[in-house]
Amino acid sequence: MREQAPLALQPILNAFPVQNGFDYGTAAAPSLAEFTKSYSTPSRIDSTTIRLDKVITPKVSLFFRFGDTPSYTDTRLLSTVTKFSSNTQTYTLGSSIQITNAVASETRIGYSRNDATTAASMDNFGGASPVNLADLTGVGSYANPAPTFLMEFSGIGLSALSLTAGGNKSRQWNIVETVSMLSGHHQLKFGLNYRRIKGISIDPGVVAEGVFSSPDSVLNNSMDELYIAKYVNVSPIFNDIALFAQDEWKLTPKVVLSLGLRWEVNPPPTDAHGNDAYTLLGSIYDPSSLTLAPQGTPLWKTSWYNFAPRLGVAWVARTRAGWETVIRTGGGVFYDTNNQQAAQAFNGVGSFAYQLYFGVPFPITSEQLEFSPSATPPYTSSTAYAFPTHLQAPYTLQWNVSLEQAIARNQTVTLSYVGANGRRLSGEQELSLASLNPNFGTVVYLQGGLTSNYQALQAKFQRTLSHGLQGIASYTWSHAIDFGSDYEALPFTRGNADFDLRQNLSGGLSWDLPTVAGSQVKGMLLNGWGLDGRVSARTGFPITLQGNLIVDPATGNTYYGNVDLLSGEQIYLHGSQYPGGRALNPAAFQLPSNPDNPGTAPRNFARGFGAAQVNLAARREFHLHDQLALQFRAETFNILNHPNFGYVDPYLTDVLFGQATKMLNQSLGTVAPQYQQGGPRSMQFALKFLF
């Protein structure tokens, strides 16, 4: 295909790695061969913390904490390497004041800043010939351009060169004040929690994505779709305020009652520079009545009645030494915010604009780039966001009951049931209104009233330190159900949640090895050692199956519908020819004949791979002088080198549908083994001075 393509596209095609696998083309068609090659990408994280403590008087103390955590991680997509860099700094100032013998005050003032950037470049991976993709596509004159050249061929798969650019910054203040009081059998707490978050977007100067849906489109240099977008940088500010009161009431020597009430206020966000997000006036059910609200109109009216009561009871049912029994139960209301949904509106009218072209060639012309974000009607080159005037905060009803049983002096077993029901959850839905209101093309409105449900049974065994040995093991069986869609144009469907994890087992063991008698040299070498082990195992997360590739005629965005499930076919195939020994059976599914059909396959019913890993560490502390010591630690992650498979290709039209294409650590975006699981065996050594 490289040599057969027009001259304008040949440099771009040569920037792809040279194919080395099975060819899906024919003698009469261009080469469509696979490319497969292993690679490694570097990552790094450094963390520095400082803590200062000062006792002013016996009743007044202060502390200050500082943390600095720069990090970066590289990811590769064919011959493009994207570097994600982040630097997080935290500052915390706190005080503890004993006002009287019965009254104490604790104050915490925190500030954090995070700067994250994304930058991409091209290299000669796999025999590729790197090029300036921005110049070749016609957007090289813009600062931080983000061009994409994408080929999506039905029955074969997707291949793309994409250079992302941009980033974001966040600045957060957090103030917490708590006053504690003792009064008889009551331990009272009253407090305030204030949080202010400022986000700063650093959007690319222009986003340009050209999509070729067939080999003929490439050979004719005719894009099936060209999507161009421009942004205005925004800085939304979110303010969250909460007041709370709590009473720990010792009813009897065996019964403690915990009562709490929290009041939360979450006003809609505004922009730091007056570039507030727009909302709509009128009824979404009467599109002809919709108009753009004046800038500065709140996205919704602030709700002042978000009261969250909470109740807990602890009962010591048996006090026999070594066989104590404690029963706990409780429940409460926990509010969330609509901040995430509100943030979407800052990429709407006035801050974002796009243009769509069909059947046009690369490179992009200056005429096609002649547009910019605007709040002047009609608003058909942007997305408008509509919020209910009296938007209510979503909340969760949570409850639990547990039984904790002591077994002899040093062991306990805890059995628990945990439940949570989400209420008034928000979801985004999309309408195309061009035929009903000429001022609007696409409107995304917030639909409330969605629900979720989580149920879990938990068991935990814990052994406190005795004879140098302590450990903990826990097992959870759970089921999470909610409504969700991968794209606003899809209907909400009740089913397994994306994070539905049925079974999870974890355990930890710490053993201080016994002292060995003998000579002083022997003791220096063999004594003081300890071993720490951790094991984790879980079942797989759901796979969201993707069917027809659908182009939204209003926005040009592409998304995938569901698939049909065929009866009489086994869902999974097993064999050594599949990564991990298992794959979804393509014959069990088919594309709906009507792309708008939601498909008959239940949402998130198919499962990916589970994960299991054992980590082991050896430690030794050497006493050097007085209060000076040296601590040595050697850690091995995934000591058994057990392979954990991750991402499973969910696209039915891909030739690798249903097969694992990445290991777990690559699917999750590994920074380092101690922060992420699923990679190959690795080791880490550390020396720490204690003084």
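The first residue in the sequence is number 1, and the count goes up from there.
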Between the side chain of Thr451 and the main-chain N/O of Gly422, is any donor-acceptor distance below 3.5 Å? no
Nearest non-hydrogen partners of Ala375 and Leu292, listed with the distance: O-CD2, 4.2 Å
Passes side chain to side chain contact (heavy atoms under 4.5 Å, CB included), Asp654 versus Ile156? Steps please. CA-CA 5 Å; Asp654 283 3; Ile156 298 175; over 6 Å; no
Arg603 side chain vs Thr493 backbone, donor-acceptor pair below 3.5 Å: yes
Side chains of Tyr227 and Glu225 only: does a donor on one sit below 3.5 Å from an acceptor on the other? no
What's the spacing between Ser213 OG and Glu152 CD if we round to 0.5 Å? 7.0 Å
Over 12 foreign heavy atoms within 6.0 Å of CZ, Arg76: yes
Centre of Phe238's six-membered ring, under 6.0 Å away, within 45 degrees of the axis: is that where NZ or CZ of Arg195 sits? no
State, yes or no, whether a side-chain contact exists between Ile228 and Gln368 at a heavy-atom distance under 4.5 Å. yes
Working to the nearest 0.5 angstrom, can you tell me the gap between Ser235 OG and Asn275 CG? 9.0 Å
Where does the angle between the aromatic ring planes of Phe212 and Phe362 fall among parallel (under 30°), tilted (30 to 60°) and perpendicular (over 60°)? tilted
Identify the heavy atoms of Ala342 and Leu299 that sit nearest to each other, and give their distance. CB-CD1, 4.0 Å
Test your reading of the model: is there a side-chain donor-acceptor pair from Thr297 to the backbone of Ala293, 3.5 Å cut-off? no
Rounded to the nearest 0.5 Å, how far apart are CD1 of Ile12 and CG of Leu136? 5.0 Å
Do you see a donor-acceptor pair shorter than 3.5 Å between the side chains of Asn87 and Ser85? no
Note, Asn168 side chain near Ile200 side chain (heavy atom, < 4.5 Å): no
Give a yes or no on whether the backbone of Ala393 and the side-chain of Asn306 come within a donor-acceptor separation of less than 3.5 Å. no
In terms of side-chain heavy atoms, does Asp276 have a donor or acceptor partner in Thr270 at a distance below 3.5 Å? no
Is the closest side-chain donor-acceptor distance between Asn562 and Gln546 under 3.5 Å? no
Separation of Ile175 CD1 from Ile241 CD1 (nearest 0.5 Å): 10.5 Å
Within the structure provided, determine whether Leu78 and Phe16 are in side-chain contact (heavy-atom separation under 4.5 Å). yes
Under a 3.5 Å threshold, yes or no: a donor from one side chain and an acceptor from the other, between Asp336 and Thr396? no
Quick one: pull up OG in Ser79 and CG in Asp123 and give me the separation to the nearest 0.5 Å. 6.5 Å
With heavy-atom distances below 4.5 Å as the criterion, would you say the side chains of Thr88 and Thr90 are in contact? yes
Main-chain N/O of Ala8 paired with Gln10 side-chain donor or acceptor, under 3.5 Å: no
Measuring only between side-chain heavy atoms, which start at C-beta, is Met122 closer than 4.5 Å to Leu163? yes
Val648 and Gly608 have their tightest heavy-atom pair at CG2-CA, 4.5 Å
From the list Asp500, Asp482, Thr544, side-chain hydrogen bond (donor to acceptor under 3.5 Å, both in side chains) partner of Asn604 resolves to Thr544
Less than 4.5 Å apart, side chain to side chain, heavy atoms only: is that true for Leu13 and Val218? yes
Can a donor-acceptor pair be found between the side chains of Tyr354 and Lys230 at a distance below 3.5 Å? no
Pick out which of Asn239, Asp240, Thr337 makes a side-chain hydrogen bond (donor to acceptor under 3.5 Å, both in side chains) with Asn266. Asp240
Measuring only between side-chain heavy atoms, which start at C-beta, is Leu433 closer than 4.5 Å to Leu290? yes
Please lay out, stage by stage, how Tyr445 and Glu430 fare under the test side chain to side chain contact (heavy atoms under 4.5 Å, CB included). CA-CA 6 Å; Tyr445 68 98; Glu430 177 187 289; over 6 Å; no
Can you confirm whether the side chains of Ser217 and Asp224 place a donor and an acceptor under 3.5 Å from each other? yes
Has Ser283 got a side-chain atom pairing as donor or acceptor with Tyr285's backbone, closer than 3.5 angstrom? yes
Please walk me through it: do Asp115 and Lys169 pass salt bridge (charged side-chain N to carboxylate O under 4.0 Å, His left out)? CA-CA 5 Å; Asp115 296 337; Lys169 301 179 180 180; 5.0 Å; no
Run the numbers on Tyr651 and Tyr560 for ring-ring contact (aromatic ring centres under 6.0 Å, His included), then give the verdict. CA-CA 8 Å; Tyr651 302 97; Tyr560 288 85; 4.6 Å; yes
Could you label the plane-to-plane angle of the Tyr39 and Phe125 rings as parallel, tilted or perpendicular, counting under 30° as parallel and over 60° as perpendicular? perpendicular
Answer yes or no: is there a side-chain heavy-atom contact under 4.5 Å between Tyr385 and Leu446? no
Verify, without hydrogens or angle tests, whether Ser289 (side chain) and Asp286 (backbone) share a donor-acceptor contact under 3.5 angstrom. yes
Roughly how far, to the nearest 0.5 Å, is CG of Leu391 from OG of Ser426? 5.5 Å
Checking side chain to side chain contact (heavy atoms under 4.5 Å, CB included) for the pair Val131/Asn14: CA distance, chi angles, key distance, verdict? CA-CA 9 Å; Val131 296; Asn14 288 333; over 6 Å; no
With a 6.0 Å cut-off on ring centres, are Phe541 and Phe499 close enough? no
Between Asn174 and Tyr194, is there a donor-acceptor pair closer than 3.5 Å when you use the side chain of the first and the backbone of the second? yes
Nearest heavy-atom approach of Ala386 to Val443 is CB-CG1, 4.2 Å
Can any side-chain N or O of Gln89 pair as donor or acceptor with the backbone N or O of Asn114 at less than 3.5 Å? no
Before you tell me yes or no, could you show the steps for Val18 and Phe35 under side chain to side chain contact (heavy atoms under 4.5 Å, CB included), namely the whole-Å CA-CA distance, both residues' side-chain angles and the distance that decides it to 0.1 Å? CA-CA 7 Å; Val18 178; Phe35 169 76; 5.9 Å; no
Can a donor-acceptor pair be found, under 3.5 Å and without considering hydrogens, that links the side chain of Asn548 to the backbone of Pro592? yes
Can you find a side-chain donor-acceptor pair between Asp74 and Ser43 that sits under 3.5 Å? no
Of all heavy-atom pairs between Ala33 and Gly21, which one has the smallest distance, and what is that distance? CB-O, 3.7 Å
Exercise: identify the closest heavy-atom pair between Ala165 and Ala146: N-CB, 4.3 Å
Can you say whether the rings of Tyr231 and Phe352 are parallel (under 30°), tilted (30 to 60°) or perpendicular (over 60°)? tilted
